[in-house]
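Take a look at the structure below.
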Amino acid sequence: MLDVQSIDLFYGASHCLRGVSMGAQPGRITSVLGRNGVGKSSLLRSIIGLERVRSGKIMWEGKDVTSLGPADRARAGIGYVPQGREIFPFLTVQENLETALAAAPRGEKVSQEVFDLFPILRQFLRRRGGDLSGGQQQQLAIARALTTRPRLLVLDEPTEGIQPNVIKDIAKVIRHLARDRGMAVVLVEQYYEFARDLADEIVVMVRGEVALSGEVGSLDETAVRALLTV
Ligand SMILES: Nc1ncnc2c1ncn2[C@@H]1O[C@H](COP(=O)(O)OP(=O)(O)OP(=O)(O)O)[C@@H](O)[C@H]1O
Ligand SMILES: [Mg+2]
């Protein structure tokens, strides 16, 4: 399991994460909610090693990964889908998937399972990433994170700017990865409804701090909504 213990993150003098604790367990989905700029992406970037926290600890499968870089955390089974997807527009779908193998053992190939989850990608293997629709690009970004078979999947706003029917497909895949494959999932979301329907646990952030967290069913919906509305 993932156990984030009271982490503090600074950007220069700006104190971005303040004693944030949260976690994720195999087979379960934890959703991180909060208004713009509260530090959701910074939390995810700290979990995957793109930001170095000043204090606190990040434990994964019983090991302290706080001082490991992103490649080592990827090797430890942590996959990441960045906000805005960040696919390579001039590389083909196949090549985009292969970029994830940089952190994998030599000779590793793209797992064919990703095409069972996202059949459209098999069809578009030779198409350039930049020529895909937003929804297809998001599916590609998720597929790329899955090529190294992570046991923890961290997704930053996978529904941002995507049509409702594709959002449904993506929700289905995320649910399947947790329920059937036993993956631990951390999902940042803007929309409460999406998180509530998908997540087991919710973490609500306000200005760099966890304001509220718990099992979805146990949280007071009005209180959660009050922390999210602008
Ligand atoms: N690399 C950086 N350098 C300096 N400040 C940063 C950096 N990245 C983020 N910030 C600031 O830290 C705060 C938290 O940003 P972050 O991107 O984590 O928020 P967020 O909750 O993901 O927002 P959004 O909902 O808009 O995606 C913001 O005030 C942001 O401007
Ligand atoms: Mg963000």
Side-chain angles (χ1 to χ4, degrees), residues 2 4-24 29-58 65-71 73-74 78-87 134-135 137-142 144-145 150 152-164 166-167 170-171 174 184-199 201-214 216 219 223-230:
L2 171 75
V4 174
Q5 301 174 359
S6 192
I7 57 170
D8 281 85
L9 174 73
F10 288 77
Y11 293 119
S14 148
H15 197 170
C16 177
L17 297 178
R18 299 161 179 263
V20 170
S21 298
M22 51 83 67
I29 300 170
T30 301
S31 184
V32 179
L33 295 165
R35 293 174 192 146
N36 285 124
V38 296
K40 304 180 297 296
S41 297
S42 300
L43 169 61
L44 296 197
R45 291 164 59 83
S46 302
I47 292 171
I48 68 137
L50 280 175
E51 305 291 352
R52 286 303 165 95
V53 299
R54 184 172 299 181
S55 57
K57 245 192 206 175
I58 299 168
V65 298
T66 320
S67 58
L68 296 186
R73 290 196 215 186
I78 301 178
Y80 174 54
V81 183
Q83 184 167 14
R85 313 187 259 276
E86 295 183 19
I87 61 145
Q137 289 183 0
Q138 188 59 264
Q139 296 179 54
L140 174 57
I142 298 172
R144 181 177 58 187
L152 169 64
L153 183 64
V154 174
L155 304 109
D156 201 344
E157 300 204 29
T159 63
E160 197 178 28
I162 285 175
Q163 292 173 3
V166 183
I167 290 182
I170 288 173
I174 294 171
V185 176
V186 176
L187 169 81
V188 161
E189 249 309 308
Q190 282 278 348
Y191 298 107
Y192 174 63
E193 286 75 15
F194 183 83
R196 182 197 53 199
D197 295 347
L198 196 57
E201 254 167 76
I202 283 186
V203 175
V204 187
M205 292 180 65
V206 175
R207 272 180 264 108
E209 286 179 284
V210 175
L212 202 61
S213 67
V216 172
L219 291 177
V224 174
R225 281 182 193 279
L227 296 171
L228 299 177
T229 43
V230 185

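Remember, it's 1-based here, ligands and their atoms both numbered in the order they're listed. When reading the values below, keep in mind they use all heavy atoms of this one structure, side chains included, and skip hydrogens, waters and symmetry mates.
Counting only N and O atoms by type, the side chains of Ser42 and Glu51 include no donor and acceptor under 3.5 Å apart. For the 3.5 Å distance criterion, the side chains of Gln190 and Glu157 qualify, holding a donor opposite an acceptor.
Between Gly34 and ligand 1, a contact under 3.5 Å exists for no N or O pair.
Looking only at heavy atoms of the protein, atom 23 (O) of ligand 1 is closest to Gly37 N, 2.8 Å. For atom 19 (O) of ligand 1, the closest heavy atom belonging to the protein is Gly39 N, 3.3 Å. Of the protein's non-hydrogen atoms, the one nearest atom 16 (P) of ligand 1 is Ser42 OG, 3.6 Å. Among all non-hydrogen protein atoms, the one lying nearest atom 17 (O) of ligand 1 is Ser41 CB, 3.7 Å. When only non-hydrogen protein atoms are considered, atom 10 (N) of ligand 1 lies nearest to Tyr11 CE1, 3.4 Å. When hydrogens are left out, the protein atom nearest atom 25 (O) of ligand 1 is Lys40 NZ, 2.7 Å; that is the closest non-hydrogen contact.
Annotation: side chain of Arg85 is in contact with side chain of Ile162 (closest heavy-atom distance under 4.5 Å). At a threshold of 4.5 Å between non-hydrogen side-chain atoms, the residues Tyr80 and Pro70 do not count as touching. Here the side chains of Pro158 and Glu189 are in contact, with some heavy-atom distance below 4.5 Å. Between Val53 and Thr66 the shortest side-chain heavy-atom distance falls below 4.5 Å. Residues Val166 and Gln139 are in side-chain contact: their nearest non-hydrogen atoms beyond the backbone lie under 4.5 Å apart.
Smallest separation of non-hydrogen atoms from Ala24 and Val186: CB-CG2, 3.6 Å.
The nearest protein heavy atom to atom 30 (C) of ligand 1 is not closer than 4.0 Å. Of the protein's heavy atoms, at least one falls inside 4.0 Å of atom 12 (O) of ligand 1.
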### Task
Could you check Gln83 against Ser41 for side chain to side chain donor-acceptor pair (under 3.5 Å), going step by step and ending with a plain yes or no?
CA-CA 8 Å; Gln83 184 167 14; Ser41 297; 2.7 Å; yes
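At a 4.0 Å cut-off, not a single heavy atom of Met205 sits close enough to ligand 1 to count as contact. Contact between Arg45 and ligand 1 is absent, with no heavy atom of the residue lying under 4.0 Å from the ligand. Heavy-atom separations between Cys16 and ligand 1 include at least one value shorter than 4.0 Å.
Taken from CG in Leu43 to SG in Cys16, the straight-line distance is 9.0 Å, to the nearest 0.5 Å.
Distances below 4.0 Å separate heavy atoms of Gln83 from the following atoms of ligand 1: 27 (O). Counting the atoms of ligand 1 from 1 in the order shown, those under 4.0 Å from a heavy atom of Gln190 are 25 (O). Taking a cut-off of under 4.0 Å to the non-hydrogen atoms of Glu157, the atoms of ligand 1 that pass are 25 (O), 27 (O).
Proximity annotation for atom 26 (O) of ligand 1: of Leu44, Asn36, Leu43, Asn36 comes nearest, heavy atoms only.
The Mg ion (ligand 2) has no N, O or S atom of Ser42 closer than 2.8 Å. In summary, no N, O or S atom of Asn36 is located under 2.8 Å from the Mg ion (ligand 2).
Enclosure of atom CZ in Arg207 is not indicated, since only 12 or fewer non-hydrogen atoms of other residues, nucleotides or ligands lie within 6.0 angstrom.
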